[in-house]
2 protein chains.
Amino acid sequence: MAKSSKENSPITDHLAYLLAQANREINRQLELRLSKEGVPVEQWRILKVLSDGNGHSMGELADAVLLNHPTLTKMIDRMVSDTLVYRVQDPNDRRKVLMFISDRGKVLSKKLNSLAVDQEEHILESYGDKSTSELKRLLESLIDSSN
Amino acid sequence: MAKSSKENSPITDHLAYLLAQANREINRQLELRLSKEGVPVEQWRILKVLSDGNGHSMGELADAVLLNHPTLTKMIDRMVSDTLVYRVQDPNDRRKVLMFISDRGKVLSKKLNSLAVDQEEHILESYGDKSTSELKRLLESLIDSSN
DNA sequence: TTGAAAATATTGAATATTCAACAATTGAAG
DNA sequence: CTTCAATTGTTGAATATTCAATATTTTCAA
């Protein structure tokens, strides 16, 4: 009798593990670059999302930057102290808070973006154009299929 | 004059972001399943790695399960309390500690594996056989190219 | 053989995250 | 209208993680 094929498979066969491993590595590299500006990856994400100039509610922002609400609240507190972003109460729904990027935030955001783009280019070089775009495509479709 | 093509790209264009997003989602699903046994994803990884029956040093284990050393030490402390694993000093190099899985750990590991395999199968169904294996292949090669 | 440097694991303090409870506002049913 | 449930964001306590320092053992050059 043959066992179920996956029962004793090494952990490296699991998609969940490969994703965690790849994410950890790429994130570590990005972190290293952003540390030049002393900013964690999450703040890069926040500034990038807000840099469309529009107001974004906390809930919307939490989804976009992959943070839980309380974690986001506290990170935004720090960024407000650093005058990178500011809160405005939503006049249409006073439960909501709209977040905006400040001028200082925009300046920092540009620097961070160029560091992030550096990384993307570095990946393109070592990993290849074809693989990168194919991987992005597959990741997007995995995310889609998970909703 | 045209701007560098990536300068204002949405965050969803970045590989680092897509990886984080996909990882978050898949990890969340796995977490949900493993919560049936009240076990965090990291403990599943630890038990899975140790279930080859061999002794693994803390450093080796930390790499394999994607945890920093101090985090692993503290998680192992908890698992030792739960008698899922145990420490043995490496006789060949007394700086090292070898971790082993206990009988109780093996029993739990089997249950966890089947939950994890359930998830893999669920992904295969909704995402497809072809996409899944291609994604795994690309992730492995990304990890390789990052070392 | 000795002594300095490297490797390994742990600890404690500082920091960050999460969980559950809360406050405020809106929506919607009666 | 009024009231009750749902939505949104924040807070404080509990938990977890990280950073820097430490202790122990091994390695290796002199």
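All heavy atoms count here, side chains included; hydrogens, waters and symmetry mates do not. In what follows, chains are A, B, ... by sequence order, proteins preceding strands, each numbered from 1. Quantities reported herein were computed from a predicted structural model and do not represent experimental measurements.
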### Query
Are OP1 or OP2 of C:dT18 and a side-chain N or O of A:Asn68 less than 4.0 angstrom apart?
yes

### Summary
Per nearest nucleotide of DNA chain C, the residue lying toward the 5' end, A:Asp93 or B:Val97, is B:Val97

#### Entry: Residues B:Asp118 and B:Lys36 bridged, charged N to O under 4.0 Å
no

### Summary
To the nearest angstrom, the CG-C1' distance between B:Leu67 and C:dA9 comes to 15 Å

### Query
Could you give the NE2-to-P distance, from B:His69 to D:dA20, as a whole number of Å?
16 Å

### Query
Quick one: A:Glu42 CD to C:dT17 P, roughly how many Å, whole number?
7 Å

### Whole-Å distance separating the CG atom of A:Leu72 from the C1' atom of C:dT17
13 Å

### Query
Does any non-hydrogen side-chain atom of B:Met58 lie less than 4.5 Å from one of B:Lys96?
no

### Task
Please report the shortest heavy-atom distance between A:Leu139 and B:Ala22, naming the atom on each side.
CD2-CB, 3.9 Å

### Toward the 5' end of DNA chain D, by each residue's nearest nucleotide, A:Arg87 or B:Arg95
A:Arg87

### Summary
Side-chain atoms of A:Lys96 come closest, of C:dT11, D:dT11, D:dT8, to D:dT8

### Message
Is there a side-chain contact between B:Thr73 and the phosphate of C:dA9, meaning an N or O under 4.0 Å from OP1 or OP2?
### Response
no

### Task
Take the protein atom CE of A:Met75 and the nucleotide atom P of D:dG9, then report the distance between them rounded to whole Å.
17 Å

#### Entry: Check against side-chain hydrogen bond (donor to acceptor under 3.5 Å, both in side chains), B:Glu25 and B:Gln21
CA-CA 6 Å; B:Glu25 177 60 26; B:Gln21 191 182 15; over 6 Å; no

### Query
Over how many whole Å does the gap from B:Asp90 atom CG to D:dT24 atom C1' extend?
14 Å

### B:Arg78 side-chain N/O to D:dT17 phosphate OP1/OP2 under 4.0 Å
yes

### Task
On DNA chain C, check which nucleotide each of B:Leu98 and A:Thr71 is closest to and give me the residue with the more 5' one.
B:Leu98

### Message
Please say yes or no: joined through hydrophobic side-chain contacts below 4.5 Å, possibly via intermediate residues, are A:Val117 and A:Leu135 part of one cluster?
### Response
no

### Task
Take atom CD1 of A:Ile76 and atom P of C:dA16, then tell me their distance rounded to the nearest Å.
15 Å

### Message
Does a side-chain N or O of B:Ser57 approach OP1 or OP2 of C:dT8 to a distance below 4.0 Å, or not?
### Response
no

### Query
To the nearest Å, how far apart are B:Lys74 NZ and C:dA9 C1'?
12 Å

